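Since the structure comes first, as structure tokens, the remarks are kept for the end.
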Amino acid sequence: MQALQLTEFKHPPELREVDDPTPGPGEVLVRVGGAGACHSDLHMLHDFEPGTVPFETPFTIGHENAGWVEALGAGVRGLEVGEPVAVYGPWGCGSCPRCRQGMENYCVRQAELPVAGGGLGTDGGMAPLLLVPSPRLLVPLHDLDPVDAAPLTDAGLTPYHAVKRSLDRLVPGSTAVVIGAGGLGHMAIQILEHLSAAQIVAVDTNPEALHLAQAVGARHALVPGPEAIAEIRALTGGVGADVVLDIVGVEETLALGAAVSRSLGHLTLVGIGGGSYPFGFFTVPYEVSLASTYWGSLPELIEVLALAEAGKVRAHVERYDLADAAQAYEDLAEGKVCGRAVVVP
Ligand code: NAD
Ligand code: ZN
Ligand code: ZN
């Protein structure tokens with residue numbers, strides 16, 4: 001089969017011919033229905049010097065996947081061939097306390113593992129077939145189309161987790177600011193809309209992203225800069241935002257997030273732009289909590305899928321054939337994707 005592979009770091013991905021995988025004992029083979037192109041792949045492909053990431057190349061990229069069960073390895077029970085499934089993306093050891101709580105994203109043994117998930121050190125979903133190491137990583141889809149479900153496993157799940165941990169801040173009268181209204185951001189807005197009473201403000205440099213942000217529920221859409229800071233102050237009666245999700249993560253967006261946070265607020269860093277912000281007594285208002293979040297838990301994925309099945313959230317999807325998968329990443333890098341690019345092998 002053809003697969004879009006990372007052959008070496010700091011190198012564009014390549015479509016290559018690889019062997020079809022077969023499931024060993026305990027494994028499940030999934031026929032990929034949709035594989036989302038995440039901006040994190042661009043960071044993985046281009047930002048790291050060879051040797052600084054603990055992954056061995058080559059491997060097939062794509063860590064945001066859904067499809068149908070194609071074949072079951074020996075001993076696998078509880079799944080039917082042909083059943084539609086979403087793939088829970090962070091693959092931990094499966095047996096530490098965090099993994100057993102469904103938080104494989106925070107596996108205690110992650111540092112000892114050579115892979116972080118399909119598409120992250122081992123073969124992912126940018127291919128017709130994906131080998132999943134255990135049925136514990138699959139969630140049944142019921143009525144959702146795998147193309148729509150794929151983005152939910154990361155672009156949906158990651159902001160879902162970030163929003164859920166801050167729900168106690170998002171009471172009536174509160175304000176949530178989403179910086180970066182791309183693949184994750186446009187899902188964050190819908191999740192905020194359906195989980196909270198907050199007024200939602202989107203901030204993005206790209207006018208098309210701001211347009212989508214408003215279409216999916218942002219009450220205000222702003223271009224970053226001093227005027228946006230003043231505007232957010234004005235929209236919050238001078239006090240600032242209760243929750244800021246920085247889904248870009250460069251110096252400027254973190255500084256913007258800090259400038260518009262109110263005391264007791266949450267400033268949550270989701271974007272992997274590589275920026276940092278000095279934390280000190282006088283750098284943020286009193287009792288602002290700064291946190292980074294990585295992906296989400298398996299129970300949270302079940303909740304995101306339920307939200308989508310109820311028609312409350314839906315990824316805005318731009319489809320690409322597998323032959324054009326490399327183009328999807330080029331378009332993503334150039335800011336030409338509105339919502340999420342999903343490769344349909
Ligand atoms: P994306 O390219 O789809 O969206 C990024 C958006 O940010 C775009 O709309 C872009 O116009 C906007 N943007 C860029 N620079 C900006 C700036 N300076 N100010 C305001 N807006 C700006 O990317 P995505 O797939 O949604 O991923 C977003 C970020 O989240 C990436 O850094 C990605 O690596 C990261 N990510 C983190 C996790 C996690 O678990 N923490 C999971 C997935 C993705
Ligand atoms: Zn991702
Ligand atoms: Zn573990």
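Treat the numbers as computed from the prediction; the structure is a model and nothing was measured. As the structure lists them, so they are numbered: ligands from 1, and atoms in each ligand from 1.
- Residue, atom and distance of the protein heavy atom nearest to atom 1 (P) of ligand 1 are His39 ND1, 3.6 Å.
- Only protein N, O or S atoms were considered, and those under 2.8 Å from the Zn ion (ligand 2) are Cys38 SG, His63 NE2, Asp154 OD2.
- Using a 4.0 Å cut-off between heavy atoms, Ala209 contacts ligand 1 through its side chain alone, with no backbone atom that close.
- Under the 30°/60° scheme for interplanar angles, the aromatic rings of His39 and His43 are found to be tilted.
- At the shortest separation from atom 25 (O) of ligand 1 among protein heavy atoms lies Arg340 NH1, 2.6 Å.
- The residues Glu318 and Arg340 are annotated as not salt-bridged, no charged nitrogen and carboxylate oxygen being separated by less than 4.0 angstrom.
- Classification of Glu330 and Lys336 as a salt-bridged pair fails, no side-chain N sitting under 4.0 Å from a carboxylate O.
- Neither side chain, Asp242 nor His266, offers a donor N or O lying under 3.5 Å from an acceptor on the other.
- Note: His186 and His316 have perpendicular aromatic rings, judged against thresholds of 30 and 60 degrees for the angle between ring planes.
- Residue contacts with ligand 1: His43 is included, with a non-hydrogen atom under 4.0 Å away.
- Ser297 and Glu300 form a side-chain donor-acceptor contact under 3.5 Å, judged by distance and modelled atom types alone.
- In the displayed structure, Glu17 atom CD is contacted under 6.0 Å by more than 12 heavy atoms of other residues, nucleotides or ligands.
- Looking only at side-chain heavy atoms (C-beta outward), Glu27 and Pro135 stay at 4.5 Å or farther from each other.
- In the model, His142 has no side-chain atom that pairs as donor or acceptor with a side-chain atom of Glu309 under 3.5 Å.
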Exercise for the section: Could you walk me through whether Trp295 and His63 pass ring pair (Phe, Tyr, Trp, His ring centres under 6.0 Å), step by step? Expected result: CA-CA 11 Å; Trp295 227 324; His63 56 264; 5.4 Å; yes
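- Contact analysis leaves Gly335 out of contact with ligand 1, as no non-hydrogen atom separation drops below 4.0 angstrom.
- The residue among Thr293, Asp204, Asn206 with a heavy atom at the shortest distance from atom 8 (C) of ligand 1 is Asp204.
- Protein heavy atom at the shortest distance from atom 36 (N) of ligand 1 is Ser40 OG, 3.3 Å.
- Thr60 and Gln5 are linked by a side-chain donor-acceptor pair at a separation below 3.5 angstrom, with hydrogens and angles left out of the test.
- For atom 39 (C) of ligand 1, the closest non-hydrogen atom of the protein is Thr158 CG2, 3.6 Å.
- With 3.5 Å as the limit, one finds a donor-acceptor pair spanning the side chains of Tyr160 and Glu303.
- The shortest contact between atom 4 (O) of ligand 1 and any protein heavy atom is with Gly182 CA, 3.3 Å.
- Nearest-heavy-atom check against atom 26 (O) of ligand 1 across Leu184, Asp246, Leu332 picks out Leu184.
- For ligand 1, the polar-atom distance check finds an N/O of Gly183 within less than 3.5 Å of one of the ligand's N/O atoms.
- Interface atoms of ligand 1 facing Val248, defined by a heavy-atom separation under 4.0 Å, are 7 (O), 13 (N), 15 (N), 16 (C), 21 (N), 22 (C), 32 (O).
- Distance from atom 29 (C) of ligand 1 to its nearest protein heavy atom, with residue and atom name: Ile247 O, 3.3 Å.
- Ligand-side atoms of ligand 1 in range of Trp295: 39 (C), 40 (O), range being under 4.0 angstrom from any heavy atom.
- Residue, atom and distance of the protein heavy atom nearest to atom 42 (C) of ligand 1 are Asp154 OD1, 3.4 Å.
- Considering backbone and side-chain atoms alike, Ile272 places an N or O below 3.5 Å from some N or O of ligand 1.
- Not one N or O of Cys38 is nearer than 3.5 Å to an N or O of ligand 1, by distance alone.
- Side-chain contact check for Val53 versus Phe9: some heavy-atom pair is nearer than 4.5 Å.
- A 6.0 Å sphere centred on CD of Glu208 holds no more than 12 heavy atoms belonging to other residues, nucleotides or ligands.
- Near Pro224, meaning under 4.0 Å from any of its heavy atoms, are these atoms of ligand 1: 19 (N), 20 (C).
- Taking any N or O of Thr253, backbone or side chain, none lies under 3.5 Å from an N or O belonging to ligand 1.
- With respect to atom 30 (O) of ligand 1, the closest heavy atom belonging to the protein is Gly271 CA, 3.5 Å.
- Here Leu256 has no heavy atoms under 4.0 Å from ligand 1, in either its backbone or its side chain.
- Between Val270 and ligand 1, an N or O atom pair is found at a separation short of 3.5 Å.
- The local environment of CG in Asp168 is crowded, with over 12 non-hydrogen atoms from other residues, nucleotides or ligands closer than 6.0 Å.
- Donor-acceptor pairing under 3.5 Å is recorded for the side chains of Thr7 and Glu14.
- Looking only at protein N/O/S atoms, the ones less than 2.8 Å from the Zn ion (ligand 3) make 4 in total.
- Side-chain atoms of Gln199 and Thr175 form a donor-acceptor pair, as typed in the model, at a separation below 3.5 Å.
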